[in-house]
Novice: 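What follows is a single structure, and I will ask about it in a moment.
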Amino acid sequence: MGIFSLFGKKGVKQEDRSTEKSSSRKTRSKNGNTVIGGFQDSEVFSNSIIAQRHIARATERKIDAIEFEMSRDIVKTRPPTVTKTDLLNPPAEAPVSSRKAPPVEFQTTMPLTLPTDYLLGQNSEMPGSAVAHSESVPLLEEAAILFASGQAEVAEQMLVAAVHQELGDATEIGWQMLFDLYRIGNDQHKFESLSLDYANKFETSPPLWPEELNNADTDAGNQTDNTMANISFPAKLDAGIVKVLEKIQNASAKSRSLRLDFIRVKEVDPIGCGLLLRAFKGLKKSGHDLILIGAKDLSDKIRAILLVGRRDETEAPWLLLLELLQLLHFEQAFEEVSMDYCITFEVSPPSFEAPKNNITSSFPEISNQDEAASDSFLMPKVVEGKTEFLLQSIAEQAENQNPLILDCSRLQRVEFGASAQLLNGLAPIAGKNGMSIRFENVNYLVMMLFHAMGLKNIASIIVRKH
């Protein structure tokens, strides 16, 4: 299966490029851009046409070869298939002496003898005394683990029983965990009932029910993925973007939204344009939502290598430019370029078609003003299952940001197994010289899970204000 089986592949009509100089070229437009045919009978011209076709075919073969290599690399990385014969005849166990020792894992439970400031973090909004040497901390950690494991009802029963007895210094945390559980479960009735009990007990104003939950789509939590992939292109848009396109393919299979950053692109060539064009066609067909950063500058760089009337070895740069202008909703610019394309290749001009999927464009000068968006990584609503893609996106963010800020304002739940994967995946990033990681706007259920799993060893955890 080809690497762009997801994207689809549309054959691009090959056009010709004249490489021979001919004294018979007598008719040109005044601006010297548009070539006017009129010497089809020339033997030299005929030979030139043949040469152009060979060049065009060679360029397309290069693009096809690159796609084939990408496909072969992915096949190599797939796990071996287990057959029925393998199950009936399992391999003999290795001798005890040759078995590898189990890998050393991080400490999964925070010792209760740690200082309170260390447990909650120096920047935590919760008073440190809330969890200092309290016997209730393991109880709350157990409730957080149950919620993370999908046992919300059991976790609720445990927290309800806990908050109506004395929790010592951790009393406030227990109540806030229960408030968060009702928010996540969209149970306003229980939330307001708990608010009355909270006001009577603490003689202060209780947390308020978020207004946005009244109009929230309750089915949004059923979406399999809310993670946005952040993918940046290198300085040269050429055959070297193969690795980037592999990331796009992997990300598109797991996320419905992609953020493609072209800010660093300084040079473009026909092969790179052809590869990116096929990727865009596939994403458009599959209906992925896109955020394009620096796409306007990219279109300007592509336009700079084109000349009206000059047929290059492939139409890919022209077609990519037209595709970008459609994605950016630049209809007038599209019409102008389509006429130049029509003149150059003597074909009917393509018509403008606005993309059906959600396309958002952002320019470097605009995106740089938005510090909140550019300086933090927005975590998804739910982290569960395999987290390779999420960790890869976080690692890419960490390459250009220190401290690494993980915005958990949308994060509702982290699966128990996924939390261990987060710990193991973030540890190498935190281990880099001078690197620090900070979870911000964390709800209390996730905060206690992170404490129980030992994530506080590698990152600061700042709880959300209510």
Novice: L445 versus R413: any side-chain heavy-atom pair under 4.5 Å?
Specialist: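 No; the side chains remain at least 4.5 Å from each other.
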
Novice: Are more than 12 heavy atoms from other residues, nucleotides or ligands located less than 6.0 Å from atom CD of E335?
Specialist: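 More than 12 heavy atoms, drawn from other residues, nucleotides or ligands, come within 6.0 Å of this atom.
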
Novice: Output all residues satisfying salt bridge (charged side-chain N to carboxylate O under 4.0 Å, His left out) with D269, sequence neighbours left out; order by chain, then residue number.
Specialist: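 For D269, no residue satisfies salt bridge (charged side-chain N to carboxylate O under 4.0 Å, His left out) once neighbours in sequence are set aside.
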
Novice: Please confirm whether the backbone N or O of Q412 pairs with a side-chain atom of N443, one donor and one acceptor, at under 3.5 Å?
Specialist: yes

Novice: Can you list the residues that meet the side-chain hydrogen bond (donor to acceptor under 3.5 Å, both in side chains) rule with E192, with sequence neighbours excluded?
Specialist: Q188

Novice: Under a 4.5 Å cut-off applied to non-hydrogen side-chain atoms, are L390 and P380 in contact?
Specialist: yes

Novice: What's the shortest heavy-atom distance between V265 and P234, and which atoms?
Specialist: CG2-O, 3.3 Å

Novice: Under 3.5 Å, is there a donor-acceptor pair between the side chain of H288 and the main chain of S255?
Specialist: yes

Novice: Just by modelled atom types, is the G294 backbone N or O under 3.5 Å from a matching donor or acceptor in the D261 side chain?
Specialist: no

Novice: Would you say that Y341 contacts L319 through its side chain, given a criterion of any heavy-atom pair below 4.5 Å between the two side chains?
Specialist: yes

Novice: Between A418 and V383, which heavy-atom pair has the shortest distance, and what is it?
Specialist: CB-O, 3.6 Å

Novice: Evaluate the side-chain contact (heavy atoms from CB on, under 4.5 Å) criterion for residues V244 and I231: first the C-alpha distance (whole Å), next the side-chain angles of each, then the deciding distance (0.1 Å), finally the verdict.
Specialist: CA-CA 7 Å; V244 179; I231 300 173; 3.6 Å; yes

Novice: Do you know which two heavy atoms are closest between M453 and A420, and how far apart they sit?
Specialist: CE-CB, 3.9 Å

Novice: Do NZ/NE/NH1/NH2 and the carboxylate oxygens of R311 and E346 come within less than 4.0 Å?
Specialist: yes

Novice: Hey, could you give me the NE2/CD1 distance between H451 and I461, rounded to the nearest 0.5 Å?
Specialist: 4.0 Å

Novice: Is the backbone N or O of P270 less than 3.5 Å from a side-chain atom of D312, with the two atoms forming a donor-acceptor pair by type?
Specialist: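 Judged by distance alone, no pair lies under 3.5 Å.
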
Novice: List in chain and number order the residues that pass side-chain contact (heavy atoms from CB on, under 4.5 Å) with E323, two or more places apart in sequence or in another chain; answer none if no residue qualifies.
Specialist: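 Per chain and number, E323 pairs via side-chain contact (heavy atoms from CB on, under 4.5 Å) with L277, F280, K281, K284, Q326, L327.
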
Novice: Using 30° and 60° as the class boundaries, would you call the ring planes of F450 and F439 parallel, tilted or perpendicular?
Specialist: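 Taking F439 first and then F450, their aromatic rings sit tilted (interplane angle of 30° to 60°).
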
Novice: Heavy atoms only: give me the nearest L307-T344 pair and the separation to one decimal.
Specialist: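 Nearest heavy atoms, L307 then T344: O-OG1, 4.2 Å.
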
Novice: Can you tell me how far the CG atom of L258 sits from the NZ atom of K247, to the nearest 0.5 Å?
Specialist: 13.0 Å

Novice: In Å, rounded to the nearest 0.5 Å, how long is the span from CG of N441 to CE of M447?
Specialist: 13.0 Å

Novice: Show your working on side-chain contact (heavy atoms from CB on, under 4.5 Å) between M435 and I429 and close with a plain yes or no.
Specialist: CA-CA 7 Å; M435 173 60 72; I429 299 176; 4.1 Å; yes

Novice: Looking at side-chain heavy atoms only, is the closest gap between D340 and W318 below 4.5 Å?
Specialist: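 Answer yes - side chains close enough.
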
Novice: Does a side-chain heavy-atom distance below 4.5 Å link I248 with F233?
Specialist: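 I248 vs F233: side chains touch.
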
Novice: Roughly how far, to the nearest 0.5 Å, is OG of S419 from CG of L449?
Specialist: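 Interatomic distance, L449 CG to S419 OG, rounded to 0.5 Å: 4.5 Å.
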
Novice: What verdict does the side-chain contact (heavy atoms from CB on, under 4.5 Å) test give for I271 and D238, after you've listed the backbone C-alpha separation in whole Å, the side-chain angles of each residue and the deciding distance to 0.1 Å?
Specialist: CA-CA 6 Å; I271 292 179; D238 55 13; 5.9 Å; no

Novice: Testing the basics here: between L423 and G454, what is the closest heavy-atom pair and its distance to 0.1 Å?
Specialist: CD1-O, 3.9 Å

Novice: Who are the side-chain contact (heavy atoms from CB on, under 4.5 Å) partners of Q332, not counting sequence neighbours?
Specialist: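 Checked Q332 against side-chain contact (heavy atoms from CB on, under 4.5 Å); matches are E336.
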
Novice: With sequence neighbours excluded, tell me which residues meet side-chain contact (heavy atoms from CB on, under 4.5 Å) with L391.
Specialist: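 Expected list: T387, L422, L426.
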
Novice: Does the side chain of L306 reach to within under 4.5 Å of the side chain of V337, using non-hydrogen atoms?
Specialist: no

Novice: Taking atom NZ as the centre, does K301 end up with more than 12 heavy-atom neighbours from other residues, nucleotides or ligands that are less than 6.0 angstrom away?
Specialist: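 Yes, the 6.0 Å shell around NZ holds more than 12 heavy atoms from other groups.
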
Novice: Please determine whether side-chain contact (heavy atoms from CB on, under 4.5 Å) holds for the pair L298 and L292, giving the CA-CA distance in whole Å, both sets of side-chain angles, and the decisive distance to 0.1 Å.
Specialist: CA-CA 10 Å; L298 176 62; L292 306 178; over 6 Å; no

Novice: Kindly compute the distance separating CD1 (I437) from CG (N402), expressed to the nearest 0.5 Å.
Specialist: 9.5 Å

Novice: Looking at S338 and L322, what are the two nearest heavy atoms and their distance?
Specialist: N-CD2, 3.8 Å

Novice: Do I394 and Q397 have side chains that get closer than 4.5 Å, going by heavy atoms?
Specialist: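 Side-chain contact under 4.5 Å: no.
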
Novice: Check this for me: does any side-chain nitrogen of one of E440 and R438 sit under 4.0 Å from a carboxylate oxygen of the other?
Specialist: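 Between R438 and E440 there is a salt bridge, with a charged N closer than 4.0 Å to a carboxylate O.
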
Novice: Is it the case that more than 12 heavy atoms not belonging to K432 sit under 6.0 Å from its NZ atom?
Specialist: yes

Novice: Kindly write out the residues that satisfy side-chain hydrogen bond (donor to acceptor under 3.5 Å, both in side chains) with K190, not counting sequence neighbours, or none if the list is empty.
Specialist: E156

Novice: With a 4.5 Å cut-off on side-chain heavy atoms, are E396 and S232 touching?
Specialist: no

Novice: Distance from L325 atom CG to L320 atom CG, nearest 0.5 Å?
Specialist: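 The CG atom of L325 sits 9.5 Å away from the CG atom of L320.
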
